[in-house]
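A quick write-up on the structure given underneath.
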There are 2 protein chains.
Amino acid sequence: MVFEYIGYLAAFLTTSSFLPQAIMTIKTRDTQSLSLSMYSLFTLGVFCWLVYGISINDKAIIFANSITFLLAASILACKLYNGFSKKE
Amino acid sequence: MVFEYIGYLAAFLTTSSFLPQAIMTIKTRDTQSLSLSMYSLFTLGVFCWLVYGISINDKAIIFANSITFLLAASILACKLYNGFSKKE
């Protein structure tokens, strides 16, 4: 069914979207306009998705959220590093 | 089951996380360290989730992604506005 493919496309887009942000943040180290609250809540949320995926043994949820977790956690780490080293 | 609640918590966290970013971006108008590619892909992805939710008539997917779409689209609009007005 065509709608199933829209679901896969949606999952691909929302997961992969964090890649350019992670690359940009790691390269430039600029996190001034990134919200610490957003990345704290989001990283925790993706971690919960991962736990949920493992608990119901859903490989798609586990796969997508493992990648998103790594990307979001990298961005959060840069933000926290800048915060602690008083660069912001 | 406890895992079901972890799923709800995950959905709540990943959806609501975009609220502090949207508030911060609208308030400060600073989008320097936000990736245009991320917000373009993410907003499109959330729109696809919305279409998918409507197509399978899943109220939870429709509800969560309507909110996320509005928040992500607001952030993207600020980023595009700054880009076009050469503020970045």
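Bear in mind the structure is a predicted one, so any value in this text is a computation, not a measurement. Here is the naming used below: chain letters follow the sequence lines, and residue numbers restart at 1 for every chain.
Per-residue heavy-atom pair counts under 4.5 Å with chain B were compared for A/Phe12, A/Phe47, A/Tyr5, A/Tyr52, and the maximum is reached by A/Tyr52. Annotation: maximal heavy-atom pairing with chain B below 4.5 Å, among A/Ser16, A/Ser37, A/Ser35, occurs at A/Ser35.
Heavy atoms closer than 4.5 Å to chain B are found nowhere in A/Ala72, neither backbone nor side chain. Proximity to chain A is limited to the side chain of B/Tyr39, based on heavy atoms less than 4.5 angstrom apart. With a 4.5 Å cut-off on non-hydrogen atoms, B/Ala22 does not touch chain A at all.
To the nearest 0.5 Å, atom CE of residue A/Met38 and atom CD1 of residue B/Ile75 are 6.5 Å apart. Of the inter-residue distances, the one linking B/Leu36 atom CG with A/Met24 atom CE reads 9.0 Å to the nearest 0.5 angstrom.
A/Tyr8 and B/Val51 fall into different hydrophobic clusters, where Ile, Leu, Val, Met, Phe, Trp and Tyr residues are linked whenever their side-chain heavy atoms come under 4.5 Å apart, directly or through other members. Hydrophobic clustering of Ile, Leu, Val, Met, Phe, Trp and Tyr side chains at less than 4.5 Å, counting indirect connections, unites B/Phe18 with B/Leu76. If you chain together hydrophobic residues whose side chains sit under 4.5 Å apart, A/Leu13 and A/Ile23 never meet in one group. Using a 4.5 Å cut-off between side-chain heavy atoms of Ile, Leu, Val, Met, Phe, Trp and Tyr, with links allowed through other members, B/Ile62 and B/Leu44 fall into different hydrophobic clusters. Hydrophobic clustering keeps A/Ile26 apart from A/Phe69 (ILVMFWY residues linked when any side-chain heavy atoms are closer than 4.5 Å, directly or through intermediates).
Taking both residues in full, the closest heavy atoms of B/Phe42 and A/Ser17 are given as CD1-OG, 3.4 Å, listed atom of the first, atom of the second, then distance. For A/Ile6 against B/Cys48, the heavy-atom pair with the smallest separation is CG2-O, 3.4 Å. B/Gly7 and A/Trp49 get closest at one heavy-atom pair: O-CH2, 3.9 Å. Across all their heavy atoms, B/Thr14 and A/Gly45 have their closest contact at CG2-C, 3.7 Å.
Of the candidates A/Leu34, A/Thr31, A/Asp30, B/Gln32 forms a side-chain contact (heavy atoms from CB on, under 4.5 Å) with just one, namely A/Asp30.
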